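Before any comments, here is the structure.
This structure is a prediction, so every number in the text was calculated from the model and none was measured. Note on naming: letters A, B, ... go to the chains in the order of the sequence lines (proteins, then strands), and numbering restarts at 1 for each one.
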Protein chains: 2
Amino acid sequence: MDQNKIPQATAKRLPLYYRFLNNLNHQGKRRVSSKELSEAVKVDSATIRRDFSYFGALGKKGYGYNVEYLLGFFRKTLDQDEVTDVALIGVGNLGTAFLNYNFLKNNNIRIQMGFDADPAKVGTAISDVPIYHIDQLEEKMKGIEVAILTIPAEEADTVTEKLVSLGITGILNFTPARITVPDHIRVHHIDLAVELQALVYFLKHYPLKKGPVEE
Amino acid sequence: MDQNKIPQATAKRLPLYYRFLNNLNHQGKRRVSSKELSEAVKVDSATIRRDFSYFGALGKKGYGYNVEYLLGFFRKTLDQDEVTDVALIGVGNLGTAFLNYNFLKNNNIRIQMGFDADPAKVGTAISDVPIYHIDQLEEKMKGIEVAILTIPAEEADTVTEKLVSLGITGILNFTPARITVPDHIRVHHIDLAVELQALVYFLKHYPLKKGPVEE
DNA sequence: ATATAATTGTGAAATATATCACGACTTCTT
DNA sequence: AAGAAGTCGTGATATATTTCACAATTATAT
Ligand SMILES: NC(=O)c1ccc[n+]([C@@H]2O[C@H](COP(=O)([O-])OP(=O)(O)OC[C@H]3O[C@@H](n4cnc5c(N)ncnc54)[C@H](O)[C@@H]3O)[C@@H](O)[C@H]2O)c1
Ligand SMILES: NC(=O)c1ccc[n+]([C@@H]2O[C@H](COP(=O)([O-])OP(=O)(O)OC[C@H]3O[C@@H](n4cnc5c(N)ncnc54)[C@H](O)[C@@H]3O)[C@@H](O)[C@H]2O)c1
């Protein structure tokens with residue numbers, strides 16, 4: 001049932017398509033063309049058609065795509081029928097922001113518990129998510145396969161080792177550390193400082209149209 | 001002085017290299033090879049050499065790269081000698097987390113002011129960053145070219161229009177909305193829910209080695 | 001002084017992604 | 001019912017990025 005031939009670039013766009021299809025559905029739209037979708041998600045319409053085509057012929061020539069059908073298809077494809085539980089490690093500035101966000105609504109993902117090393121935080125709850133001590137990882141984290149890492153960079157390697165030994169398979173890493181994991185574990189990095197700095201770099205070195213490059 | 005031929009993929013990695021070179025320098029390391037750096041940043045060593053080579057011959061065969069020299073070079077390349085001021089729009093969960101983070105230290109970027117629509121937040125300061133009312137944008141935001149957008153998705157288009165009319169050139173957009181801007185404005189999207197959902201998708205559909213695909 | 005080991009920079013090849021452009025088919029209009 | 005308009009799916013092509021692999025050069029050991 002697995003389509004290992006779906007390009008990663010396509011896979012990364014699926015959640016985006018899914019969200020916009022949901023929006024359209026809520027607006028009562030019955031059909032949508034790759035052109036319309038393109039304007040909404042800012043992805044070239046040929047790319048959208050190509051993306052969809054990896055899953056078969058989902059549309060109808062001359063008509064477009066049926067919103068409800070497409071939505072249902074992607075819901076299954078993205079496993080949106082079952083809730084995915086994740087753990088959050090590091091209840092600081094970023095971690096707290098995530099705990100206050102409802103990933104269930106649109107993404108069917110639930111942060112089920114948080115862990116921190118600070119005794120002042122242990123035992124509390126944020127948006128109904130209980131916070132445990134990091135030493136309770138083994139005891140509490142049974143069955144959870146995905147972790148969000150929002151701890152100081154210095155702690156990243158130690159905590160990652162623990163997570164790996166407890167059977168985690170995926171980590172969303174917000175620390176600037178490039179953590180080391182065995183081959184069978186997937187890590188996605190979101191490096192906010194790098195993103196910001198890269199944006200600034202692009203602005204200065206790849207100016208878009210207006211404002212010609214001086215000097 | 002501009003090198004418009006540097007691939008975007010390379011440009012995105014520059015801040016990463018810069019940070020690790022900084023680390024090495026602090027550790028007192030004098031030289032580093034592409035292989036060592038590769039292990040630290042998890043980027044193939046050939047890719048690193050290729051990336052560096054776009055800027056000329058920065059290394060020495062049989063020796064590697066001089067850390068201090070490379071660091072100095074990238075500091076200039078990344079304009080790390082002057083502070084870049086940015087504005088943050090939307091002082092909620094995420095926005096507050098960013099305000100509490102010091103981007104100055106490693107990235108020479110300063111969030112100089114925040115804006116919000118909530119009167120309870122206006123007039124306060126978070127980590128010494130003053131919060132103004134969104135209606136004061138024009139009055140206060142003079143000279144700032146980059147904005148971080150952390151407002152509700154519904155507000156994204158309206159606020160973006162204002163930002164654009166006030167001469168912003170780059171936006172780091174954390175809302176799930178795909179905002180529409182003129183061609184000369186650069187928008188980078190960081191869509192946290194999409195990132196999380198994409199990670200989950202990859203885990204289920206592209207399992208790495210161990211744990212063969214069932215069903 | 002010589003041999004050995006390390007490491008760069010890069011042409012060439014491989015891989016990945018995006019876009020063009022059009023035949024085939026559907027829907028809409030009159 | 002016929003013609004016009006719209007839209008998909010996709011072969012071909014273009015572009016972007018990564019990786020291989022090796023000659024050239026430098027450093028190190030004996
Ligand atoms: N806040 C931002 O805007 C921002 C921006 C860029 C990068 N980051 C990175 O994200 C990470 C988190 O940032 P933050 O601002 O939320 O930091 P923070 O200091 O506010 O939060 C870190 C939390 O982790 C906890 N912690 C420390 N050691 C731990 C351990 N061993 N196990 C479990 N919990 C532990 C701390 O008690 C604290 O609550 C950092 O690595 C930071 O560099 C944050
Ligand atoms: N918090 C998360 O973990 C998370 C995850 C995924 C996506 N997001 C997205 O990031 C954005 C911010 O999320 P959040 O959790 O910080 O939301 P939030 O509701 O906590 O904060 C939004 C802030 O924007 C302010 N605001 C509303 N309208 C405004 C306007 N017109 N001008 C200026 N300020 C205005 C509000 O007063 C509030 O302080 C949202 O679009 C959300 O979908 C957040």
Side-chain angles (χ1 to χ4, degrees), chain A residues 3-14 16-17 21 24 29-71 73-74 178 183 188-189 198 201-202 205-206, chain B residues 3-14 16-17 21 24 29-71 73-74 178 183 188-189 198 201-202 205-206:
Chain A
Q3 267 298 27
N4 247 33
K5 288 180 235 83
I6 286 146
Q8 305 224 353
T10 296
K12 282 196 204 162
R13 284 187 290 263
L14 297 182
L16 188 62
Y17 296 145
L21 287 169
L24 291 176
K29 280 210 80 173
R30 297 297 184 88
R31 57 184 271 194
V32 67
S33 69
S34 60
K35 190 150 160 282
E36 285 174 281
L37 207 46
S38 168
E39 276 150 27
V41 302
K42 319 283 181 197
V43 170
D44 185 275
S45 68
T47 300
I48 292 178
R49 292 199 299 282
R50 175 78 64 195
D51 282 347
F52 288 2
S53 79
Y54 291 115
F55 298 95
L58 303 178
K60 236 193 249 181
K61 297 181 177 179
Y63 173 86
Y65 301 90
N66 178 291
V67 172
E68 209 170 342
Y69 174 76
L70 207 54
L71 193 58
F73 183 86
F74 280 125
R178 250 45 183 179
D183 280 351
H188 284 201
H189 297 273
Y201 179 82
F202 277 115
H205 296 262
Y206 299 70
Chain B
Q3 267 298 27
N4 246 35
K5 286 180 237 85
I6 286 146
Q8 305 224 352
T10 296
K12 282 195 203 163
R13 284 186 291 263
L14 297 182
L16 188 61
Y17 296 145
L21 287 169
L24 290 176
K29 281 211 79 173
R30 297 298 185 89
R31 57 184 269 195
V32 67
S33 69
S34 59
K35 190 150 160 284
E36 285 174 281
L37 206 47
S38 167
E39 276 151 27
V41 302
K42 318 285 182 196
V43 170
D44 186 274
S45 68
T47 301
I48 292 177
R49 293 200 298 283
R50 175 79 62 192
D51 282 348
F52 288 1
S53 79
Y54 292 116
F55 298 95
L58 303 177
K60 237 193 249 181
K61 296 181 178 182
Y63 173 86
Y65 301 89
N66 178 290
V67 172
E68 209 169 342
Y69 174 76
L70 207 53
L71 192 59
F73 184 86
F74 280 126
R178 250 46 184 179
D183 280 350
H188 284 202
H189 295 274
Y201 179 82
F202 277 115
H205 296 263
Y206 299 68

May I ask you to verify whether the side chain of A:R50 and the base of C:dT17 hold a donor-acceptor pair under 3.5 Å?
no
If you walk 5' to 3' along DNA chain D, what is the first nucleotide with an atom under 4.0 Å of a heavy atom in chain B, and what is the last?
D:dT17 to D:dT28
Should we say atom CD of B:E68 is surrounded by more than 12 heavy atoms from elsewhere, each under 6.0 Å from it?
no
Under-4.0 Å side-chain N/O to phosphate OP1/OP2 contact, A:T47 with C:dA18:
no
Measuring only between side-chain heavy atoms, which start at C-beta, is A:R13 closer than 4.5 Å to A:V41?
no
Any side-chain heavy-atom pair of B:L24 and B:L37 under 4.5 Å
yes
Indicate, with a heavy-atom threshold strictly under 4.0 Å, whether B:S34 touches base, sugar-phosphate, or nothing.
sugar-phosphate
Closer than 3.5 angstrom, by distance alone: can the side chain of B:E39 be matched with the main-chain N or O of B:E36 as a donor-acceptor pair?
no
For A:K5 and C:dA16, what is the distance between atoms NZ and P respectively, to the nearest whole Å?
14 Å
Roughly how many Å is it from CG in B:L37 to C1' in C:dA6, rounded to a whole number?
16 Å
Show me the donor-acceptor pairs, under 3.5 Å and distance only, between side chains in residues 55-63 of chain A and residues at least two apart or in other chains.
none

A:A9 vs B:F52, nearer the 5' end of DNA chain C by closest nucleotide:
B:F52
Any side-chain heavy-atom pair of B:L70 and B:F52 under 4.5 Å
yes
Between A:D44 and B:G56, name the one whose nearest nucleotide on DNA chain C is closer to the 5' end.
B:G56
Atom CG of B:D51 to atom P of C:dT8: distance rounded to whole Å?
13 Å
Is the NZ atom of A:K35 crowded by more than 12 outside heavy atoms at less than 6.0 Å?
no
Which nucleotides of nucleotides 21-30 of chain C have their base under 4.0 Å from a protein heavy atom (B), which only their sugar-phosphate (S), and which neither (-), written as one string 5' to 3'?
B-BBBBSS--
pair A:K12-B:F202: side-chain heavy atoms closer than 4.5 Å
yes
Do A:I6 and B:H205 touch side chain to side chain, with heavy atoms closer than 4.5 Å?
no
